[in-house]
Enquirer: 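I am attaching a structure below and will ask some questions about it afterwards.
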Protein chains: 2
Amino acid sequence: MNEPTRIQRRNRDAILEAGLTVFSQYGFRGTTLDQIATEASLSKPNVLYYFASKEAIYIALLEGLLDTWLDPLRTLDADGDALHELMSYVTRKLEMSRDFPRESRLFANEILQGAPHIHGALTGELKSLVDEKAAVIEAWAAAGRIRPVDPHHLVFSIWAMTQHYADFDVQVQAVLGGRDPYPGALAHVTMLFERLLTPD
Amino acid sequence: MNEPTRIQRRNRDAILEAGLTVFSQYGFRGTTLDQIATEASLSKPNVLYYFASKEAIYIALLEGLLDTWLDPLRTLDADGDALHELMSYVTRKLEMSRDFPRESRLFANEILQGAPHIHGALTGELKSLVDEKAAVIEAWAAAGRIRPVDPHHLVFSIWAMTQHYADFDVQVQAVLGGRDPYPGALAHVTMLFERLLTPD
DNA sequence: GTCTATAGTCTGATAGAC
DNA sequence: GTCTATCAGACTATAGAC
């Protein structure tokens, strides 16, 4: 086994970068190898020299990004200040939507279509992580650090509200007439969860 | 122009019904005419006897459903009780996610991929309606009937939180381990918006 | 109105020269 | 490693018999 050369690494990265752009916009089936090749400035057979198939590119992307995507939740610290930990999570998730919209849409496309390629990760890795953090949130609520709340549905609402701005960006832009949604979104979402969670 | 016969109406409806099922699961490009034909128990050329093209079926679905989908927002009554009107809207939207998940996913797929077929309706019909209702919400807030809130972002959060349960159902099911999400969702979402909107 | 057969196009993947 | 050429299969849509 040889180490990958600089060229190999550069081309692999270019393909993944191009794949992220195109898959996130058109979904798996809506994307063609030609689009990826053009976006990566490579020929179609050359793309298939680095990856065995179109599906291999897609799966490499999903697997490589899942950890990054779940990282903010993993960071939630049971020993930290409850309200501050949760508000930091909300803020980080919204910033990720703003700064990495392609990643958000890639997962949204995959899940919307039934998660055929990562269903195992949802029932395994994802469920475990959410269950673990749900227990932390429940303990915080029991200790009176935050108001009582269903921890699983709290997580769903944070996901829903933050990822909405990336996934449905076209609609948000249409309704706002092109104004930048993020300053308002940050203020609104922060206020919403602060009111929900702050004890009386 | 003749009236459509019963058979014509029945077949057209069967195609639209089948299209809704398949398009909402696989998106426009991910869906084949064969899938629609099989689902509708018709032959492929027979499907194209009723609709000029695959795209025509898709557009007929989107246009036919947009009004229905926006109806709960249109119902928001400026002369009603502010909090009650908004909570009814939240509840109705969540019930629609539960009862019409295919419709929700059809729009989600379309918007996620940049709304190539209904972009005009977003900047026209949808924006007008939201702007109109945003003014109503702002007036309620100014009158002290609800807490001050950015009306556009309020609408986004209602859409995000309610449609999440339909659009990302696979993920919700995976995390909850198959438990029915809706009883908990209704309680959580209702509580969340009540706390956000109820004046002190 | 509905079918079989098929035209014509697109696309994923491979062969083979360089 | 990268390219040109191309195959095989899938797909939308049409032609034409019944």
Side-chain angles (χ1 to χ4, degrees), chain A residues 1-63 106 109-110 113-114 116-117, chain B residues 1-63 106 109-110 113-114 116-117:
Chain A
M1 271 308 190
N2 293 323
E3 290 296 305
T5 67
R6 279 190 307 279
I7 284 190
Q8 280 175 331
R9 178 174 296 272
R10 199 170 54 79
N11 282 344
R12 250 191 86 94
D13 287 352
I15 292 166
L16 289 174
E17 170 70 16
L20 177 57
T21 296
V22 186
F23 280 131
S24 68
Q25 190 170 356
Y26 302 105
F28 178 68
R29 295 208 42 191
T31 293
T32 69
L33 279 174
D34 257 326
Q35 288 176 287
I36 298 174
T38 301
E39 182 78 22
S41 302
L42 292 170
S43 68
K44 195 161 54 165
N46 204 9
V47 168
L48 290 169
Y49 171 78
Y50 288 99
F51 289 89
S53 66
K54 172 176 148 179
E55 195 171 16
I57 304 172
Y58 187 69
I59 291 176
L61 273 170
L62 284 175
E63 290 181 348
L106 185 78
N109 254 309
E110 168 70 9
Q113 311 204 352
H117 300 90
Chain B
M1 272 307 191
N2 293 323
E3 290 295 304
T5 67
R6 280 190 307 279
I7 284 192
Q8 282 174 330
R9 180 175 294 274
R10 199 170 55 79
N11 282 345
R12 251 190 86 93
D13 288 352
I15 292 165
L16 289 174
E17 170 70 16
L20 178 56
T21 296
V22 186
F23 281 131
S24 68
Q25 191 170 356
Y26 302 105
F28 178 68
R29 293 207 45 188
T31 293
T32 70
L33 278 173
D34 256 327
Q35 289 175 288
I36 298 174
T38 302
E39 182 78 21
S41 302
L42 292 170
S43 69
K44 196 161 50 167
N46 204 8
V47 168
L48 290 170
Y49 171 77
Y50 288 99
F51 289 88
S53 66
K54 171 177 150 179
E55 196 172 16
I57 305 173
Y58 187 70
I59 291 176
L61 272 171
L62 285 175
E63 290 183 348
L106 185 78
N109 255 309
E110 168 70 8
Q113 311 203 352
H117 300 90

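This one's a predicted model, so the numbers in the text were calculated from it and none came from an experiment.
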Enquirer: Rounded to whole Å, how long is the line connecting atom NZ of A:Lys54 with atom C1' of C:dT11?
Expert: 8 Å
Enquirer: Relative to the ring of B:Phe23, is the ring of B:Tyr58 parallel (under 30°), tilted (30 to 60°) or perpendicular (over 60°)?
Expert: perpendicular
Enquirer: Hey, does the side chain of B:Lys54 reach the backbone of B:Thr31 with a donor-acceptor pair shorter than 3.5 angstrom?
Expert: yes
Enquirer: Check whether B:Gln25 reaches the backbone of B:Val22 with its side chain - one donor and one acceptor, N or O, closer than 3.5 Å.
Expert: no
Enquirer: Quick one, A:Leu16 and A:Phe51 - any side-chain contact, counting heavy atoms below 4.5 Å?
Expert: yes
Enquirer: Of B:Leu62, B:Leu48, B:Val47, which meets side chain to side chain contact (heavy atoms under 4.5 Å, CB included) against B:Ile57?
Expert: B:Val47
Enquirer: Looking at A:Arg29, I'd like to know whether one of its side-chain N or O atoms comes within less than 4.0 Å of OP1 or OP2 on D:dA10.
Expert: no
Enquirer: Shorter than 3.5 Å, N or O on both sides, protein versus nucleotides 2-6 of chain C: list them out with atom names.
Expert:
| residue | atom | partner | partner atom | Å |
| --- | --- | --- | --- | --- |
| C:dT2 | OP1 | B:Asn11 | ND2 | 3.4 |
| C:dT2 | OP2 | B:Asn11 | ND2 | 3.2 |
| C:dT2 | OP2 | B:Asn46 | OD1 | 3.4 |
| C:dT2 | OP2 | B:Tyr50 | OH | 2.6 |
| C:dT2 | O5' | B:Asn46 | ND2 | 3.2 |
| C:dC3 | OP2 | B:Ser43 | OG | 2.7 |
| C:dC3 | OP2 | B:Asn46 | ND2 | 3.4 |

Enquirer: Could you tell me the separation between the CG atom of B:Leu33 and the P atom of D:dC11, rounded to a whole number of Å?
Expert: 10 Å
Enquirer: Is the closest side-chain donor-acceptor distance between A:Asn109 and B:Gln113 under 3.5 Å?
Expert: yes
Enquirer: Would you classify B:Leu48 as touching base, sugar-phosphate or nothing, given that sugar-phosphate means primed atoms plus P, OP1 and OP2, and contacts are heavy atoms under 4.0 Å?
Expert: base
Enquirer: Between P on D:dA13 and CD1 on B:Ile36, what's the gap in Å once rounded to a whole number?
Expert: 10 Å
Enquirer: Could you give the CD-to-P distance, from B:Glu55 to D:dA13, as a whole number of Å?
Expert: 8 Å
